[in-house]
Amino acid sequence: MNNNMVKVNVGGCSSFVNDADYQKYVQKALAAYDVLKAESGPGNDFLGWKTLPVDIPASLVSDCETIRDEWSAKGIDLVVVIGIGGSYLGARCAIEALSHGFVRKEGVPQIAYAGNNLSEDYLAELMDLAAMRNTACVVISKSGTTTEPAVAFRIVKEYIEKTYGKEEAARRIVAITDAKKGALKTLATQEGYKTFVVPDNVGGRYSVLTPVGILPIILAGFDMRAMLRGAAAEREALLLRSEDNPAVQYAAMRNLLYTEKGKKVEVLVTFNPKLQYLGEWWKQLYGESEGKEGKGIFPASVVCTTDLHSMGQYIQEGDRVLFETTVTVEKARREVLVGTDGQNLDQLNYLAGRHVEHCNKMAQLGTKLAHIDGGVPQMEITVGQLDEASLGALFYFFEFACGVSAYLLGINPFNQPGVEAYKKNMFALLRKPGYEAQTEEILRRLQ
């Protein structure tokens, strides 16, 4: 397997930075790389993700495949995956990228997602779907008490138990949680759910290659072994200390643009709508890892060419605080040609016989040049095709590069102290026991 599955091109930044500055930041990135590789930096008790591609036992994948086969034999055609943030974004990214955009594959369940919001309409409509389907559930939570997934699981669990009975419900619910403690672990033990462990040394946003991602991806009908092989190949490539290391190049350039050139926003761009959720997963990974202590590049994402007709104007001529990183897939999986029309009213006959993907690639190149001319530096991250191996490589690349980038910035990439602030206010407003003292003060501030 080609060990350089993910390629980085920083050439689109050359008119904005000089080579001496870039080389200086490459050296800084290499120093940060050394910290990550030596596991000597802050947060080093959360580095289990680094070896996941080679540490995941084949028996774990087989156990997940067994659940897939057992649920298939029951005719289960809807699996509700309950989780928030890193507990679902990686799996959703992979499943959306690999699935047919319009047709569900025969014999494969639909994957629906819950626990990532508190919308009553959303949950009600999800339960409408469950009532029309043969339903099972995967619930993912380290503690079992995070509000959004806990609310969703209480509702879905009650429905499955009422519909299929408690004994059968226990065979239709799988919990991915802590090995020893927490509300969900306790419940799973009491009810006899099949369980998988979220490793203690892997944070949620780095967990896609744990059972958190493995089980849903397998249930959706995809080859997790190939994804792990792709991640392992990328890991092997990134363990080579070099100025040409793609993670070093990416971390160096994004920090140079941020620190020296005032580029505070990074826009992750894809010209393939199947990768929309790569942007969502990436935004959490980088936003939660780097956005601390008044520092950090703000992560945003767009899907083109669609968003060129909405966000395109701002990117082209708005405040010059941003740069773009485009994720490119070299080869489309399918072929569609533009036909010939006798009247040619749409004036497209000059494209007759061309692949639609050729038009897409020319739109991408045209956009790159236009945005450079408009003052927007460009980086490009490329994989050969959109398959399990390439996605595994992309996941590992972005995780590793995030560690390098955050250490270069002087940030602990593996904690997230700020995410608790809204929860404390929400608990007080919901009058959760123990938060009553804050309720009146919060209500006063909201007046």
Side-chain angles (χ1 to χ4, degrees), residues 7-29 32 246-272 275-276 278-328 360-382 398 401-402 404-411 413 418:
K7 300 181 178 71
V8 172
N9 180 359
V10 299
C13 302
S14 59
S15 59
F16 300 90
V17 303
N18 63 58
D19 189 61
D21 283 343
Y22 175 61
Q23 290 303 319
K24 180 176 71 174
Y25 272 80
V26 167
Q27 296 310 309
K28 289 184 177 184
V248 169
Q249 293 177 323
Y250 177 54
M253 185 58 78
R254 68 194 303 271
N255 276 275
L256 167 56
L257 292 170
Y258 169 68
T259 305
E260 307 289 343
K261 303 300 177 180
K263 304 299 184 182
K264 306 294 187 184
V265 178
E266 180 176 8
V267 183
L268 193 77
V269 183
T270 174
F271 279 72
N272 188 328
L275 289 176
Q276 176 184 351
L278 177 68
E280 299 303 313
W281 172 82
W282 172 86
K283 283 189 289 189
Q284 187 203 1
L285 178 65
Y286 279 78
E288 202 166 73
S289 295
E290 292 190 322
K292 299 158 198 170
E293 302 176 21
K295 302 178 184 178
I297 302 166
F298 184 85
S301 63
V302 295
V303 178
C304 295
T305 61
T306 305
D307 286 337
L308 293 176
H309 297 261
S310 56
M311 295 295 292
Q313 175 61 42
Y314 187 95
I315 295 170
Q316 186 69 44
E317 295 185 338
D319 195 357
R320 303 296 74 188
V321 294
L322 56 85
F323 64 96
E324 291 182 297
T325 300
T326 300
V327 177
T328 297
N360 197 32
K361 288 289 192 290
M362 295 308 101
Q364 180 176 333
L365 290 173
T367 300
K368 176 180 179 178
L369 291 175
H371 287 182
I372 289 173
D373 290 344
V376 182
Q378 301 285 307
M379 282 194 284
E380 188 172 8
I381 294 170
T382 303
F398 276 125
C402 186
V404 175
S405 181
Y407 280 147
L408 194 165
L409 189 61
I411 291 293

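As the structure is a prediction and not an experimental result, all values here were calculated from the model. Reckoned from all heavy atoms, side chains included, excluding hydrogens, waters and symmetry mates.
Distance alone, capped at 3.5 Å, places no donor-acceptor pair between the Gln276 side chain and the Val303 backbone. Listed for the Thr270 side chain is a donor-acceptor partner under 3.5 Å among the backbone atoms of Asn272.
Taken from OG in Ser405 to OH in Tyr286, the straight-line distance is 6.5 Å, to the nearest 0.5 Å. In this structure, CD1 in Ile411 is found 8.0 Å from CD in Glu290, a value given to the nearest 0.5 Å. Interatomic distance, Thr259 OG1 to Asp21 CG, rounded to the nearest 0.5 Å: 11.0 Å. How far CG of Leu256 is from CD of Gln23: 11.0 Å, rounded to the nearest 0.5 Å. How far CG of Leu322 is from CZ of Phe298: 11.5 Å, rounded to the nearest 0.5 Å. Expressed to the nearest 0.5 Å, how far CE of Met253 lies from CZ of Phe323 amounts to 9.5 Å.
In this structure the side chain of Thr305 reaches within 4.5 angstrom of the side chain of Asn360, judged on heavy atoms. Proximity of Asp319 to Tyr314: side-chain heavy atoms (C-beta onward) are separated by under 4.5 Å at one or more points. The shortest side-chain heavy-atom distance between Lys24 and Glu260 falls under the 4.5 Å cut-off. Side-chain contact between Leu409 and Tyr258: present, with at least one pair of heavy atoms (C-beta onward) separated by less than 4.5 Å. A 4.5 Å side-chain heavy-atom check between Val321 and Lys263 finds every atom pair outside the cut-off. The shortest side-chain heavy-atom distance between Glu324 and Pro377 does not fall under the 4.5 Å cut-off. In this structure the side chain of Val267 never reaches within 4.5 angstrom of the side chain of Thr325, judged on heavy atoms.
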**Asked** Would Val327 and Leu268 satisfy side chain to side chain contact (heavy atoms under 4.5 Å, CB included), going step by step from the backbone distance to the final call?
**Response** CA-CA 7 Å; Val327 177; Leu268 193 77; 3.8 Å; yes
**Request:** Begin from the C-alpha positions of Glu280 and Gln284 and carry the test side chain to side chain donor-acceptor pair (under 3.5 Å) through to its verdict.
**Result:** CA-CA 7 Å; Glu280 299 303 313; Gln284 187 203 1; over 6 Å; no
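A salt bridge links Arg254 and Glu266; the closest N-O separation between the charged side-chain nitrogens and carboxylate oxygens is under 4.0 Å.
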Do any side-chain atoms of residues 8-16 form donor-acceptor pairs under 3.5 angstrom with protein atoms, and if so which ones, sequence neighbours left out?
{"from": "Asn9", "atom 1": "OD1", "to": "Gly11", "atom 2": "N", "distance (Å)": "2.8"}
{"from": "Ser14", "atom 1": "OG", "to": "Gly11", "atom 2": "O", "distance (Å)": "2.9"}

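Screening Gln364, Lys7, Lys361 against Thr328 for a side chain to side chain donor-acceptor pair (under 3.5 Å) leaves a single residue, Gln364.
When all heavy atoms of Gly410 and Lys295 are compared, the pair lying nearest together is O-NZ, 4.2 Å. Contact between Ser289 and Pro413 at its shortest, heavy atoms only, is OG-O, 3.2 Å. The two residues Ile315 and Val376 have their closest heavy-atom pair at O-CG2, 3.3 Å. For the pair Thr326 and Phe271, the tightest heavy-atom approach, listed with the atom from each and the gap, is CG2-CD1, 4.3 Å. Listed here is the closest heavy atom pair of Ala300 and Trp282: O-CZ3, 3.2 Å. Nearest heavy-atom pair, Val17 versus Leu257, reported as atom, atom and distance to 0.1 Å: CG1-CD2, 3.9 Å.
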